[in-house]
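Shown next, in structure tokens, is the structure this report addresses.
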Amino acid sequence: MAQKPSIPKGTRDFNSETVAKRSYITETIKQQFKVYGFQPIETPSFENSDTLIGKYGEEGDRLIFKILNSGEYLKKISDADYQERLESKLTPKISEKALRYDLTVPFARYVVQHQNEIEFPFKRYQVQPVWRADRPQKGRFREFYQCDADVVGSRSLFQEVEFIQLYDAVFTALNLKGVTIKINNRKILSGIAEVIGAQDKLIDFTVALDKLDKIGEEKVKEEMLAKGISQAGIDKLQPLFGLSGNFGSQIESLKSILESSEIGLKGIEELEFINTAIATLQLKTAGLQLDVTLARGLNYYTGAIFEVSAPEGVNMGSIGGGGRYDDLTGIFGLKDISGVGISFGLDRIYLVLEELSLFPDSVKENTKVLFINFGEAEAMESLKAVSTLRSKGINAELYPDWVTSGKQMKKQMNYANKRDIPFVVLVGEEELKSNRFALKNMTSGEQETINLDDLISKLK
RNA sequence: GUGGUUGUAGCUCAGUUGGUUAGAGCGUCGGUUUGUGGUACCGAAAGUCGUGGGUUCGAGCCCCAUCUUCCACCCCA
């Protein structure tokens with residue numbers, strides 16, 4: 001064979017079984033989104049670069065796929081710019097569009113652009129692929145799907161409460177038990193940074209703190225010190241490292257750390273509200289856990305921060321995340337619109353369900369009955385029956401090629417086997433004469449000759 | 001973006017310090033079996049050893065580049 005074609009790294013082809021399983025997940029998620037009152041929207045797969053660039057931090061900019069301009073884009077570059085070879089200067093001149101990096105920023109753009117047509121609070125969901133120029137690893141791809149639900153135009157903490165319920169509802173519907181919804185609050189992180197005198201180093205501080213369960217207390221302290229946080233400040237963090245117990249007792253410890261910080265106390269107040277509400281409403285299968293070290297998406301989250309981790313024992317990064325962003329639309333010129341949202345990582349949820357064998361057998365459902373083809377007259381008669389069965393909603397098909405020998409028969413039976421088709425119908429010369437059908441059960445091997453009505457009822 | 005790792009038949013993988021014609025299992029195809037599949041037995045086809053350079057009398061094996069896989073960073077769903 002000649003050189004085989006290939007696809008770019010970090011992308012995948014999906015066979016029909018995988019498509020069925022993926023669609024089982026997205027349909028389950030969409031169904032819950034609808035039940036919770038969200039409306040679908042879709043946005044283009046690529047945006048103007050200035051919509052995306054600079055919204056995800058320096059690291060994010062690096063991971064955005066940029067689209068080369070059409071036409072003679074190099075001719076428009078001045079000799080000076082060309083000679084200079086400065087990416088930051090040249091890139092915007094040869095690339096004015098970029099692939100969607102997530103669903104949140106395009107959504108913010110959508111809200112601002114269509115603000116006069118939207119009823120606030122606006123609840124939307126969106127299930128579309130996003131692209132990142134990342135280096136692939138397990139559960140990390142360069143093209144993957146996000147399933148987002150967001151609300152804009154309400155500051156109510158009941159939204160956060162509902163999103164936690166929504167997470168719980170989806171994972172319950174997927175029969176995925178033992179999922180942990182971690183929650184934190186940007187205001188608490190700000191408060192802690194304030195207390196230790198590192199307000200200006202909030203990001204460095206939280207990035208280091210985020211690594212606590214991965215690299216341990218000592219390394220975290222080292223990293224903070226290296227980032228310029230004072231030893232005195234780090235000492236004040238000591239109670240934080242020993243934080244344990246349930247939601248309530250952790251909150252009490254945090255209160256003592258944050259007693260001098262107004263914003264920190266505000267964060268605690270918010271967390272307490274959410275926790276109390278969830279305790280009253282109860283979750284079905286997921287667990288809610290306060291995790292002060294959780295610090296994701298700080299480039300725009302301002303209040304609650306969510307992250308969902310797979311059940312214990314499954315080696316997978318987060319399978320969902322989200323949070324409150326008080327001023328996301330501000331970057332597009334629409335001030336004081338608060339938003340909060342969550343995201344499900346389809347590709348990772350897939351890997352988790354696969355690892356735990358949680359896909360129901362029903363996702364594989366395909367053709368129920370295959371008619372063996374014995375020749376023109378028989379095939380014609382078979383197609384009549386096939387049409388009738390199809391009109392009754394029974395997945396049926398006729399093998400397209402005729403039997404010319406016993407080998408062909410074997411081939412057709414094998415075909416049914418390979419495709420896991422549970423029934424085969426034989427309409428040969430005898431059946432044609434008697435106007436009956438030989439129905440064979442491919443699992444048990446049993447066979448019976450019956451009329452059309454019986455055939456329908458047996459296959460229903 | 002940094003460091004490492006992987007690639008041999010359709011699939012999963014062997015292949016010794018560089019040495020004749022690169023192997024196995026599964027699958028595929030044919031036969032035992034011309035209206036009955038799954039099991040069994042017999043047989044066959046199938047590989048530019050990821051790709052491109054280089055070293056060597058000789059390269060699947062060594063060197064360089066590149067693509068790909070997986071992993072750890074960074075970051076993230």
Side-chain angles (χ1 to χ4, degrees), chain A residues 1-12 25 29 56-64 87 101-104 127-148 203 206-208 210-211 214-215 219 223 294-299 306-310 315-322 341-352 370 372-375 378 399 402-432 438-447 449:
Chain A
M1 199 188 290
Q3 176 70 48
K4 273 188 223 170
S6 62
I7 54 176
K9 71 174 163 192
T11 65
R12 297 149 297 158
I25 297 172
I29 292 172
Y56 308 100
E58 209 177 305
E59 192 64 30
D61 284 353
R62 203 192 75 205
L63 297 176
I64 292 172
E87 272 178 36
Y101 175 88
D102 72 354
L103 300 179
T104 308
V127 176
Q128 288 189 279
V130 302
W131 295 270
R132 295 185 188 178
D134 210 352
R135 207 175 267 208
Q137 295 180 31
K138 181 179 184 183
R140 173 180 287 193
F141 308 99
R142 294 169 83 177
E143 177 182 62
F144 62 96
Y145 271 72
Q146 288 189 332
C147 314
D148 276 28
I203 300 286
T206 51
V207 164
D210 194 33
K211 295 178 187 166
K214 209 168 184 177
I215 63 176
K219 296 264 184 192
E223 183 166 331
L294 178 60
R296 293 298 166 89
L298 280 178
N299 287 307
F306 302 115
E307 182 168 304
V308 183
S309 37
N315 179 23
M316 183 60 61
S318 63
I319 56 176
I342 60 173
S343 179
F344 292 83
L346 165 64
D347 302 82
R348 288 188 176 176
I349 292 171
Y350 180 98
L351 291 170
V352 170
L370 176 78
I372 302 290
N373 191 330
F374 281 87
E378 292 90 341
Y399 193 87
W402 299 353
V403 169
T404 53
S405 71
K407 308 292 181 259
Q408 273 295 322
M409 175 103 186
K410 180 177 179 149
K411 190 173 179 177
Q412 297 189 44
M413 297 294 262
N414 258 326
Y415 181 75
N417 261 345
K418 294 277 162 57
R419 285 189 47 198
D420 282 320
I421 297 173
F423 294 97
V424 155
V425 167
L426 297 97
V427 181
E429 205 176 336
E430 283 172 37
E431 288 82 4
L432 197 60
L439 174 68
K440 185 181 175 90
N441 180 322
M442 294 299 278
T443 317
S444 65
E446 286 165 16
Q447 187 171 322
T449 303

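Note on naming: letters A, B, ... go to the chains in the order of the sequence lines (proteins, then strands), and numbering restarts at 1 for each one.
- Look at the P atom in both B:rG25 and B:rC42: the space between them is 11 Å, to the nearest Å.
- A:Glu431 comes within contact range of at least one nucleobase, with a heavy-atom separation under 4.0 Å.
- Within 6.0 Å of OH on A:Tyr101 lie more than 12 heavy atoms contributed by other residues, nucleotides or ligands.
- Crowding of A:Gln447 atom CD: a count of heavy atoms from other residues, nucleotides or ligands under 6.0 Å exceeding 12.
- Here the side chain of A:Lys9 is nearest to one of B:rU69, B:rG38, B:rC73, namely B:rU69.
- Here A:Lys440 lies in heavy-atom contact (under 4.0 Å) with a base.
- Residue-nucleotide stacking is not present for A:Phe344 and B:rA77, judged by a side-chain ring centre under 5.5 Å from the six-membered base ring centre and planes under 30° apart.
- With a cut-off of 3.5 Å on both pairing distances, the Watson-Crick or G-U wobble partner of B:rU66 is B:rG50.
- Across the C1' atoms, B:rC49 and B:rC71 are found 25 Å apart, a figure rounded to whole Å.
- Evaluated for a side chain to side chain contact (heavy atoms under 4.5 Å, CB included) with A:Ile372, the options A:Val424, A:Val425, A:Val427 yield exactly one hit, A:Val424.
- One C1' atom belongs to B:rG7, the other to B:rG52, and the distance between them is 15 Å to the nearest Å.
- To the nearest whole angstrom, the two C1' atoms, one in B:rU16 and one in B:rG23, are 14 Å apart.
- Residue contacts shown for A:Leu426 include a base, since a base heavy atom lies under 4.0 Å away.
- Closest contact between the side chain of A:Arg135 and the listed nucleotides B:rC71, B:rC75, B:rG38 involves B:rC71.
- At a threshold of 4.0 angstrom between heavy atoms, the contacts of A:Phe141 include nucleobase atoms, whether or not backbone atoms are also involved.
- Proximity of A:Lys211 to the phosphate of B:rC74: a side-chain N or O atom is located under 4.0 Å from OP1 or OP2.
- Atoms CG (A:Asn373) and C1' (B:rG37) sit 17 Å apart, rounded to a whole Å.
- When the P atom is compared between B:rU21 and B:rU5, the two are found 32 Å apart, to the nearest whole Å.
- Judged by distance alone, with hydrogens and angles left aside, A:Arg140 brings a side-chain donor or acceptor within reach of the base of B:rC75, the pair sitting under 3.5 Å.
- Nucleotide B:rC41 forms a pair with B:rG31, judged by Watson-Crick or G-U wobble geometry with both contacts under 3.5 Å.
- With a cut-off of 3.5 Å on both pairing distances, the Watson-Crick or G-U wobble partner of B:rC13 is B:rG23.
- Here, B:rC13 and B:rC75 have their P atoms 33 Å apart, quoted to the whole Å.
- Rounded to whole Å, the P atom of B:rA9 lies 15 Å from the corresponding atom of B:rC61.
- The aromatic rings of A:Tyr399 and A:Tyr415 sit perpendicular, their planes meeting at an angle over 60°, well past the 30° parallel limit.
- Closest to the side chain of A:Asp347, from the set B:rA77, B:rG35, B:rC71, is B:rA77.
- Side-chain proximity of A:Met409 to B:rU28, B:rG37, B:rU36: nearest is B:rU36.
- Side chain of A:Glu429, nearest nucleotide from B:rG35, B:rU2, B:rU69: B:rG35.
- Sequence order on RNA chain B of the closest nucleotides to A:Ser318 and A:Lys138 puts A:Lys138 first from the 5' end.
- Of the side-chain N and O atoms in A:Gln137, one or more sit less than 4.0 angstrom from OP1 or OP2 of B:rA72.
- Within 4.0 Å of A:Gly10, counting heavy atoms only, lie sugar-phosphate atoms of the nucleic acid but no base atom.
- Partner A:Cys147 forms a side chain to side chain contact (heavy atoms under 4.5 Å, CB included) with one of A:Ile29, A:Ile25, A:Ile349 and no other, that one being A:Ile29.
- Between the side chain of A:Gln447 and the base of B:rU36 there is at least one donor-acceptor pair of N/O atoms closer than 3.5 Å.
- Taking 3.5 Å as the limit, the base of B:rG37 and the side chain of A:Asn417 contain a donor-acceptor pair of atoms between them.
- For A:Arg348 against B:rC76, a side-chain N or O and a base N or O form a donor-acceptor pair under 3.5 Å.
- Comparing the same atom, P, in B:rU17 and in B:rC11 gives a spacing of 28 Å after rounding to whole Å.
- A:Gly60 comes within contact range of no nucleotide atom at all, as no heavy-atom separation falls under 4.0 Å.
- Atom CG in A:Asn414 sits roughly 10 Å away from atom P in B:rG30 (whole-Å rounding).
- Within the nucleic acid shown, A:Glu430 comes within 4.0 Å of at least one base atom, counting heavy atoms only.
- Of the side-chain N and O atoms in A:Lys418, one or more sit less than 4.0 angstrom from OP1 or OP2 of B:rU28.
- For A:Lys410 against B:rU36, no side-chain N or O and base N or O form a donor-acceptor pair under 3.5 Å.
- Although no hydrogens or angles enter the test, the distance criterion places a donor-acceptor pair under 3.5 Å between the side chain of A:Glu431 and the main chain of A:Gly428.
- The minimum heavy-atom distance between A:Asn373 and A:Gln412, with the atom names listed, is N-OE1, 2.7 Å.
- In terms of heavy-atom proximity, A:Phe306 sits nearest to A:Leu294 at C-CD2, 4.0 Å.
- Comparing A:Thr443 and A:Glu59 by the nucleotide of RNA chain B whose heavy atom lies nearest to each, the residue mapping closer to the 5' end is A:Thr443.
- A:Tyr399 places its OH atom 17 Å from the P atom of B:rU36, with the value rounded to the nearest Å.
- Looking at heavy-atom distances under 4.0 Å, A:Gly428 makes contact with a base.
- Rounding to whole angstrom units, CD1 of residue A:Ile342 and P of B:rA77 are separated by 13 Å.
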